[in-house]
Amino acid sequence: MPEFALIDLICTHCAIKRDDVRVGIGDDAAVLSVPSGHELVVSTDTLIAGVHFPLDTKVEDIGWKALAVNLSDLAAMGATPAWATLALTLPSADSEWITRFAKGFAELAAVHNVALVGGDTTQGPLSITLTIHGFAPIGQAILRSTAKPGDLIYVTGTLGDAAAGLVLLKSPRSGAISNFSLKLVDRLNRPLPRILVGQTLRGLASAAIDISDGLLADLGHICTQSALGAEINVDQLPCSEALTALFNVKDRCRFQLSGGDDYELCFTVEEEKSELMEKLLSAQSIDVTCIGKMSKGKEGITVQNTKGEIIQCSQVGWEHFKDNTEESR
Ligand code: ADP
Ligand code: MG
């Protein structure tokens with residue numbers, strides 16, 4: 001199948017139209033209007049087969065995930081998503097693969113009204129690079145660098161599920177596949193970017209990040225960029241019923257602290273604003289949990305339990321170009 005037929009196939013499935021797209025796919029570049037009073041917020045992520053998703057991942061799930069991980073970055077900034085561009089490198093012009101990929105992509109694009117406005121299609125080892133464009137009112141995007149000492153640290157949802165899902169995929173438990181294991185694997189393959197949370201947190205959160213590489217690694221970025229430390233209580237980390245049912249305390253703890261791919265948000269809030277924030281989010285049926293506090297000094301993250309004992313965490317999260325252990329993916 002020629003390149004242009006592949007592009008047509010993608011267009012057919014990703015057919016969301018937006019008024020702010022003056023020129024979309026088909027010209028040398030897209031022409032887009034940013035609403036007045038807003039700034040453009042842009043993020044790019046690449047997914048490599050075998051690194052960011054197991055080789056046997058369902059193609060629809062790859063399409064979903066390519067968009068989800070990018071949307072999650074916009075969620076962390078408190079931005080509203082609008083447009084995406086897609087650079088696709090494929091081993092062959094496989095129309096069935098493209099169709100299935102585009103279906104998964106389009107399913108999530110429809111949820112967040114994201115228009116695909118351009119891209120590039122090349123031949124080579126499977127790799128997917130997506131750039132997402134969104135906007136936020138001028139000056140209101142939420143940064144990593146603006147947390148203050150004493151701010152409370154919160155996370156959305158539950159932690160560690162995606163890392164547990166990956167372990168289950170690699171070494172399935174004997175016996176019937178349970179609802180719990182399906183739930184954990186689904187967290188890995190179909191992450192739900194926290195766009196609404198991010199938008200609600202504008203003007204409330206002092207800093208935010210999405211948890212893609214593990215809580216310690218990602219909260220560590222807020223610490224470094226805000227030049228602060230953090231104290232968290234491991235016993236307060238939110239844990240799903242499925243994770244509790246299938247893994248022992250030690251594994252759970254490791255997944256919650258260091259497992260990547262959950263795409264929950266970790267954010268900081270001034271104590272005086274926390275009640276309002278909790279009220280607004282609970283009105284949207286969104287669970288958030290306070291897990292600790294930002295502290296003065298640059299000593300990084302201190303992890304304690306409820307008894308006040310310090311927990312040593314040797315494995316901090318996923319980092320490329322390092323010798324990552326199998327389980328952390
Ligand atoms: P050029 O050669 O000018 O860079 P291309 O021939 O690569 O343009 O692409 C033609 C049109 O198709 C462009 O508008 C481009 O943005 C779009 N396009 C190419 N590949 C993709 C893709 N994978 N997804 C979405 N749009 C694409
Ligand atoms: Mg051109």
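Both ligands and their constituent atoms are indexed starting at 1 by order of listing. Reckoned from all heavy atoms, side chains included, excluding hydrogens, waters and symmetry mates.
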Inspect the contact between Lys183 and Asp186 and indicate whether a charged nitrogen and a carboxylate oxygen are less than 4.0 angstrom apart. no
Is the shortest N/O to N/O distance between Leu86 and ligand 1 below 3.5 Å? yes
Are any of the N/O atoms on Gly24, whether in the backbone or the side chain, positioned under 3.5 angstrom from an N/O atom of ligand 1? no
Nearest neighbour of atom 19 (C) of ligand 1 from the list Gly119, Ala102, Gly118, Ala30, on a heavy-atom basis: Gly119
Nearest heavy atom to atom 14 (O) of ligand 1, choosing from Asp27, Thr122, Leu130, belongs to Asp27
[X] contact mode with ligand 1 (heavy-atom cut-off under 4.0 Å):
| X | result |
| --- | --- |
| Ile25 | both |
| Asp120 | both |
| Leu116 | side chain |

Find all atoms of ligand 1 within a distance of less than 4.0 Å from any non-hydrogen atom belonging to [X], and give their numbers and elements.
| X | result |
| --- | --- |
| Gly26 | 11 (C), 13 (C), 14 (O) |
| Phe4 | 6 (O) |
| Asp28 | 3 (O) |

Verify, without hydrogens or angle tests, whether [X] (side chain) and [Y] (backbone) share a donor-acceptor contact under 3.5 angstrom.
| X | Y | answer |
| --- | --- | --- |
| Arg144 | Ile222 | no |
| Thr146 | Ile142 | no |
| Trp64 | Val59 | no |
| Ser145 | Ser226 | no |
| Asp262 | Gly160 | yes |

Check against salt bridge (charged side-chain N to carboxylate O under 4.0 Å, His left out), Arg100 and Glu60: CA-CA 5 Å; Arg100 294 179 60 196; Glu60 289 84 349; 2.9 Å; yes
